[in-house]
Amino acid sequence: SGKIVSAIRNKNGSSLANWFVDYNQSIRSVNKEAIDSVFLSNHDQGRSGAYFGNQVEKTKLMGSVLLLAPGKSFIYYGEEIGMLGSGEDPNKRLPMIWSIKDKTGIPNNPPGVTNSKKQDYTSVEDQLKDKDSLLNHYKQVASIRNKSTWYETGKLEYIDVNNKSIYAMKLYNGQESIYVIHNFSDQEQTIKINVESKEMDSTHKKNKLKGNTLTLQPLSSSVIYVK
């Protein structure tokens, strides 16, 4: 997660895309079937829900980058609702918060927990009802990723669009390709990209592709399909 979080904080999507391509090419040079394992946090680390505090849109972008990264993406349970947990290990391993009101099926906290009260702010139940929640964002981006297996097996190409804040990568296999593009800026960005396609999925409804011109809303993502 260090690379992803640092790039978002520095609004430097370009360098992260370049790094992902270089790293994947390096592991494939050792084993052509190598697949990178990408994650934000795990049971031994502070939870990713605290990385950007109350800046929910950056947390959503972090999730988008994770799920649309080349390789196999792993979600540590609770990241999709922004669960917190740091310090002693039991704090990082609290039970999933399915509901605030209905505790049926939710186990007791592990021994040694010191900050469980900080968790009483959200749940799966609540976020499923909120179309703008982090959980529904994860669901949307996961559905985009599930349209293609090339995130794991496709060839990779870094796309330089002459804009530091833009992460742009091409994943391809044979005659078909997908372009994964994230805007790490908190401002709308317009870029030129050499594609011929009208098929695109985006995390923001105002992202627009017109000819070779792509307009991205702040901290949003788009995937362009070329066949």
Asks: Is the backbone of Thr114 close enough, under 3.5 Å, to the side chain of Asn91 for a donor and an acceptor to pair up by distance?
Replies: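 Between the backbone of Thr114 and the side chain of Asn91 there is a qualifying donor-acceptor contact (under 3.5 Å).
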
Asks: Within a reach of under 6.0 Å around CG of Asn54, are more than 12 heavy atoms found that belong to other residues, nucleotides or ligands?
Replies: no

Asks: Using a 4.5 Å cut-off on heavy atoms from C-beta on, say whether the side chain of Met62 contacts that of Val5.
Replies: yes

Asks: Judged by atom type as modelled, is there a donor-acceptor pair below 3.5 Å linking the side chain of Gln45 to the main-chain atoms of Asn42?
Replies: yes

Asks: Go through the steps for Asn163 and Gln189 under the test side-chain contact (heavy atoms from CB on, under 4.5 Å), then give the verdict.
Replies: CA-CA 9 Å; Asn163 185 325; Gln189 300 292 316; 2.8 Å; yes

Asks: Taking C-beta and beyond as the side chain, do Arg9 and Lys58 meet within less than 4.5 Å on heavy atoms?
Replies: no

Asks: What are the two closest heavy atoms between Phe74 and Glu79, and how far apart are they?
Replies: O-OE1, 4.3 Å

Asks: Could you go step by step and tell me if Asn12 and Ser15 meet the side chain to side chain donor-acceptor pair (under 3.5 Å) rule?
Replies: CA-CA 6 Å; Asn12 195 341; Ser15 67; 3.1 Å; yes

Asks: Distance-only, no hydrogens or angles: does the Asn136 side chain make a donor-acceptor pair with backbone N or O of Gln127 under 3.5 Å?
Replies: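 Yes, because the side chain of Asn136 sits within donor-acceptor range (under 3.5 Å) of the backbone of Gln127.
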
Asks: Would you say Asn212 and Ile193 make side-chain contact, with heavy atoms under 4.5 Å?
Replies: no

Asks: In sequence, state the C-alpha distance, the side-chain angles, and the governing distance for Met96 and Val124, and then conclude on side-chain contact (heavy atoms from CB on, under 4.5 Å).
Replies: CA-CA 9 Å; Met96 186 70 172; Val124 172; 3.6 Å; yes

Asks: Report yes if some heavy atom in the side chain of Asp201 is under 4.5 Å from a heavy atom in the side chain of Ser222; otherwise report no.
Replies: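 No. Closest side-chain heavy atoms not under 4.5 Å.
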
Asks: Regarding Ser143 and Asn146, do their side chains bring together a donor and an acceptor under 3.5 Å, going by distance alone?
Replies: no

Asks: How close do Ile27 and Asp36 get, counting heavy atoms only, and between which atoms?
Replies: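 Residues Ile27 and Asp36, closest heavy atoms: CD1-N, 3.9 Å.
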
Asks: Give a yes or no on whether the backbone of Thr149 and the side-chain of Glu152 come within a donor-acceptor separation of less than 3.5 Å.
Replies: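 Looks like no, no N/O pair under 3.5 Å.
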
Asks: Walk me through it: do Ile4 and Val38 pass the test side-chain contact (heavy atoms from CB on, under 4.5 Å)?
Replies: CA-CA 10 Å; Ile4 296 174; Val38 189; 4.3 Å; yes

Asks: Quick check for you: to the nearest 0.5 Å, what is the distance between Ser73 atom OG and Leu67 atom CG?
Replies: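 The OG atom of Ser73 sits 5.5 Å away from the CG atom of Leu67.
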
Asks: Can you see whether Thr203 engages Lys60 through a side-chain donor-acceptor pair at a distance of less than 3.5 angstrom?
Replies: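 Absent: no donor and acceptor within the cut-off.
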
Asks: Is there a side-chain contact between Ile178 and Lys170 in this structure, where contact means two heavy atoms from C-beta onward sitting under 4.5 Å apart?
Replies: no

Asks: Could you walk me through whether Ser6 and Asn10 pass the side chain to side chain donor-acceptor pair (under 3.5 Å) test, one step at a time?
Replies: CA-CA 6 Å; Ser6 177; Asn10 294 320; 3.3 Å; yes

Asks: Evaluate the side-chain proximity of Leu214 to Thr190: yes if any heavy-atom separation is below 4.5 Å, no if none is.
Replies: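 Not in contact.
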
Asks: Could you check whether the rings of Trp19 and Tyr23 sit parallel, tilted or perpendicular, using 30° and 60° as the cut-offs?
Replies: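 Aromatic pair Trp19/Tyr23 classed parallel.
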
Asks: To the nearest 0.5 Å, tell me how far Ile81 CD1 sits from Ser133 OG.
Replies: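 Ile81 CD1 to Ser133 OG: 10.0 Å, rounded to 0.5 Å.
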
Asks: List the atom of Ser14, the atom of Tyr158, and the distance in Å for their closest heavy-atom pair.
Replies: OG-OH, 2.5 Å

Asks: A side-chain contact here means heavy atoms from C-beta on lying under 4.5 Å apart; do Tyr179 and Val223 qualify?
Replies: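 Heavy-atom side-chain distance check fails, nothing below 4.5 Å.
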
Asks: May I ask you to check whether Ser64 and His137 show a side-chain donor-acceptor distance below 3.5 Å?
Replies: yes

Asks: When you measure from the side chain of Ser202 to the backbone of Lys205, do you find a donor-acceptor pair of N or O atoms at a distance under 3.5 Å?
Replies: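 Side chain of Ser202 to backbone of Lys205, a donor-acceptor pair under 3.5 Å: no, none is there.
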
Asks: Does Glu188, at its CD atom, have more than 12 non-hydrogen atoms belonging to other residues, nucleotides or ligands within less than 6.0 Å?
Replies: yes

Asks: Examine Leu156 and Val195 and state if one hydrophobic cluster contains both, with Ile, Leu, Val, Met, Phe, Trp and Tyr joined whenever side-chain heavy atoms are less than 4.5 Å apart.
Replies: no

Asks: Following the transitive rule for hydrophobic clusters with a side-chain heavy-atom cut-off under 4.5 Å over Ile, Leu, Val, Met, Phe, Trp and Tyr, establish whether Leu40 and Leu219 coincide in one cluster.
Replies: yes

Asks: Would a distance-only check, ignoring hydrogens and angles, find a side-chain to backbone donor-acceptor pair under 3.5 Å from Asn183 to Gln217?
Replies: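 Yes; at least one donor-acceptor contact below 3.5 Å.
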
Asks: Heavy atoms only: give me the nearest Thr122-Ile100 pair and the separation to one decimal.
Replies: O-CD1, 3.3 Å

Asks: Might you point out which heavy atoms bring Pro95 and Pro110 nearest each other, and give the distance in Å?
Replies: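 Closest pair (atom of Pro95, atom of Pro110, distance): CD-CD, 4.3 Å.
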
Asks: For a 4.5 angstrom cut-off between non-hydrogen side-chain atoms, does Val161 reach Ile181?
Replies: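 In short, these two side chains do not touch, never coming nearer than 4.5 Å.
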
Asks: So Trp98 and Lys103, side-chain contact (heavy atoms from CB on, under 4.5 Å) or not? Walk me through it.
Replies: CA-CA 8 Å; Trp98 297 104; Lys103 302 298 183 180; over 6 Å; no

Asks: Let me confirm one number: the CG-CE distance from Asn18 to Met169, rounded to the nearest 0.5 Å.
Replies: 9.0 Å

Asks: Please check if Ile75 and Tyr151 belong to a single hydrophobic cluster, counting links between Ile, Leu, Val, Met, Phe, Trp and Tyr side chain heavy atoms closer than 4.5 Å.
Replies: yes

Asks: If you count heavy atoms of other groups shown closer than 6.0 angstrom to CG of Asp132, is the number above 12?
Replies: yes

Asks: How long is the span from the NZ atom in Lys139 to the NZ atom in Lys131, to the nearest 0.5 Å?
Replies: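 Lys139 atom NZ to Lys131 atom NZ measures 14.5 Å (nearest 0.5 Å).
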
Asks: Output yes when a side-chain donor or acceptor of His182 lies under 3.5 Å from a complementary backbone atom of Phe184, and no otherwise.
Replies: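 No; zero donor-acceptor contacts below 3.5 Å.
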
Asks: Using 0.5 Å steps for rounding, measure from the CZ atom of Arg93 to the CZ atom of Arg47.
Replies: 10.5 Å

Asks: CG of Asp44: more than 12 outside heavy atoms within 6.0 angstrom?
Replies: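 Enclosed: over 12 neighbouring heavy atoms sit under 6.0 Å from CG of Asp44.
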
Asks: Do the side chain of Lys92 and the main chain of His43 share a donor and acceptor less than 3.5 angstrom apart?
Replies: no

Asks: Please determine whether residues Val56 and Tyr138 belong to a single hydrophobic cluster, defined as Ile, Leu, Val, Met, Phe, Trp and Tyr linked transitively by side-chain heavy-atom distances below 4.5 Å.
Replies: no

Asks: From Ile8 CD1 over to Asp186 CG, what is the distance, rounded to the nearest 0.5 angstrom?
Replies: 12.5 Å

Asks: Let me check something: do Phe20 and Tyr172 share a hydrophobic cluster, defined by ILVMFWY side-chain heavy atoms less than 4.5 Å apart, either directly or through other members?
Replies: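 Looking at the clustering, Tyr172 is in a separate group from Phe20.
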
Asks: Would you name the heavy atoms of Asn207 and Ser221 that are closest together and state the gap between them?
Replies: ND2-O, 3.4 Å

Asks: Verify, without hydrogens or angle tests, whether Ser48 (side chain) and Ser41 (backbone) share a donor-acceptor contact under 3.5 angstrom.
Replies: no

Asks: Counting only N and O atoms by type, is there a donor-acceptor contact under 3.5 Å from the side chain of Arg145 to the main-chain atoms of Ala69?
Replies: yes

